[in-house]
Number of protein chains: 2
Amino acid sequence: MVTKETVRDPADADVTRADSLAREIFAGVANKWTLLVINVLEQRTLRFTELRTEVDGISHKMLTQTLRHLERDGLVDRTVYAVVPPRVEYQLTEAGQALRSTVNRMCAWTRTYLDHIEAARLRFDSMS
Amino acid sequence: MVTKETVRDPADADVTRADSLAREIFAGVANKWTLLVINVLEQRTLRFTELRTEVDGISHKMLTQTLRHLERDGLVDRTVYAVVPPRVEYQLTEAGQALRSTVNRMCAWTRTYLDHIEAARLRFDSMS
DNA sequence: CTGCATCCCGCATGATACTG
DNA sequence: CAGTATCATGCGGGATGCAG
């Protein structure tokens, strides 16, 4: 009673929707600053300025932008204290922690293959 | 002669060098196209055009660029067959495979938290 | 301290065309 | 089919200033 010929499962629409959304999320998360911010925010709670100094080369603007993005996606919690001067703290949510664990593996990979990659580059560059 | 004064452990130089190199490699790899290419190149061997169609939105130029980068770092092997028309095949090296497994986890993460993130966005956007 | 808006530059990216 | 070169440009991202 279900199928007939080339009729497509109604769920197909959802599949493609989910796919494109997944791609979008993946692309949004797969960038230098986002991953670096997530990485320094391991189980700690940090303030804006602390993040600014820990993430190394990040600019004021990009940090704000990245944090807004992460907050919107529910990967970090933003806590504002009504004091003066303002105090705002950021910490990873459960989803953020989950992502961080994958980022950690990527960092580990980098460390593991450091020499390997360096050697490959020398080899490659010595050609031409 | 060698200067004294702020004498630092000789190993320190290597540590910071390795650190900056690691950051550079991480940053180089942490971008949309690179991760997507690595992802579609799971244990398969693909030709240029096949990659072009599978990676979805990637342009001819960016694919070439990304592949050269990956090849230089020793993450993909490039095999050229001296035939006409030319046939060039790409496949992940062991290092590439290792990286791919981390990318896979990231993809899995995306799928797992899809709904979570979508909901967070709706919540966030409904504010203002 | 944190956040937002504005201006501006340069690079990354895309489009196109040409070789082997 | 695969790769390179050239040109145009849009957007990322830095600097600065102002507000709360």
Side-chain angles (χ1 to χ4, degrees), chain A residues 23-38 40-41 44-73 75-92 124-125 127-128, chain B residues 23-38 40-41 44-73 75-92 124-125 127-128:
Chain A
R23 258 193 294 272
E24 192 261 317
I25 290 175
F26 183 87
V29 150
N31 75 73
K32 191 175 144 190
W33 293 137
T34 301
L35 295 183
L36 286 176
V37 166
I38 286 177
V40 303
L41 264 186
R44 298 181 292 173
T45 295
L46 293 179
R47 303 182 55 176
F48 186 86
T49 312
E50 292 168 341
L51 279 168
R52 181 103 163 69
T53 55
E54 294 229 18
V55 175
D56 190 46
I58 196 168
S59 70
H60 184 114
K61 181 183 178 179
M62 287 317 294
L63 180 54
T64 309
Q65 207 170 103
T66 304
L67 286 172
R68 280 305 94 77
H69 194 76
L70 289 172
E71 185 192 357
R72 187 172 108 96
D73 284 359
L75 304 187
V76 302
D77 274 334
R78 180 167 173 271
T79 313
V80 184
Y81 295 90
V83 296
V84 40
R87 175 186 192 86
V88 183
E89 293 183 342
Y90 296 91
Q91 65 180 326
L92 293 177
F124 185 92
D125 293 341
M127 312 257 198
S128 66
Chain B
R23 256 194 295 273
E24 192 261 318
I25 290 174
F26 182 87
V29 150
N31 74 73
K32 192 176 143 189
W33 293 136
T34 302
L35 295 184
L36 287 176
V37 167
I38 287 177
V40 302
L41 265 185
R44 299 181 291 172
T45 294
L46 294 178
R47 304 182 53 174
F48 185 86
T49 311
E50 291 168 342
L51 278 168
R52 180 104 162 69
T53 54
E54 294 230 17
V55 173
D56 189 48
I58 197 168
S59 69
H60 186 116
K61 182 180 179 180
M62 287 316 296
L63 180 54
T64 309
Q65 207 169 102
T66 304
L67 286 172
R68 281 302 98 73
H69 193 76
L70 288 172
E71 186 191 358
R72 187 172 108 96
D73 284 359
L75 304 187
V76 303
D77 275 334
R78 179 166 174 273
T79 312
V80 183
Y81 296 90
V83 297
V84 40
R87 176 184 193 86
V88 183
E89 293 182 341
Y90 296 92
Q91 65 182 326
L92 292 177
F124 185 91
D125 293 341
M127 311 257 198
S128 64

### Query
So among B:L46, B:I58, B:V76, which one has a side-chain contact (heavy atoms from CB on, under 4.5 Å) with B:V37?
B:I58

### Message
Return whichever of A:K61 or A:V80 has its heavy-atom-nearest nucleotide of DNA chain C closer to the 5' end.
### Response
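Result of the comparison: A:V80.
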
### Query
Checking A:T64 side chain against A:H60 main chain: does a donor-acceptor pair fall under 3.5 Å?
yes

### Query
Which part of the nucleic acid does A:Y90 contact within heavy-atom distance under 4.0 Å: base, sugar-phosphate only, or nothing?
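Sugar-phosphate, no base atom in range.
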
### Task
Could you check whether B:R52 gets within reach of a base, just the sugar-phosphate, or nothing at all, counting any heavy atom under 4.0 Å?
nothing

Without decimals, in angstroms, what is the distance between [X] [atom1] and [N] [atom2]?
X     : N      : atom1 : atom2 : value
A:K32 : C:dC11 : NZ    : P     : 14 Å
B:M62 : C:dT16 : CE    : P     : 17 Å
B:L63 : D:dG3  : CG    : P     : 8 Å
A:I58 : D:dG12 : CD1   : P     : 14 Å
A:R87 : C:dG3  : CZ    : C1'   : 17 Å
B:H69 : C:dT13 : NE2   : P     : 11 Å
B:E89 : D:dC1  : CD    : P     : 14 Å
B:L67 : D:dC1  : CG    : P     : 16 Å

### Task
Classify the side chain of A:H60 and the base of C:dG3 as holding, or not holding, a donor-acceptor pair under 3.5 Å.
yes

### Query
Is there a side-chain polar atom (N or O) of A:R68 under 4.0 Å from OP1 or OP2 of C:dG3?
yes

### Message
So, OP1 or OP2 of D:dA2: does either fall under 4.0 Å of a side-chain N or O from B:R47?
### Response
yes

### Task
Show your reasoning for whether side chain to side chain contact (heavy atoms under 4.5 Å, CB included) applies to A:D56 and A:L36.
CA-CA 9 Å; A:D56 190 46; A:L36 286 176; over 6 Å; no

Check every atom of [options] against the side chain of [X] and return the nucleotide holding the closest atom.
X     : options               : answer
B:F48 : D:dG3, C:dG14, D:dG14 : D:dG3
B:P86 : C:dG3, C:dT13, C:dG20 : C:dG20
A:T64 : C:dC4, D:dG13, D:dA2  : C:dC4

### Query
What distance do A:F48 atom CZ and A:T53 atom OG1 have between them, rounded to the nearest 0.5 Å?
10.5 Å

#### Entry: Residue pair B:L67, B:L51: steps toward the side chain to side chain contact (heavy atoms under 4.5 Å, CB included) verdict
CA-CA 10 Å; B:L67 286 172; B:L51 278 168; 4.0 Å; yes

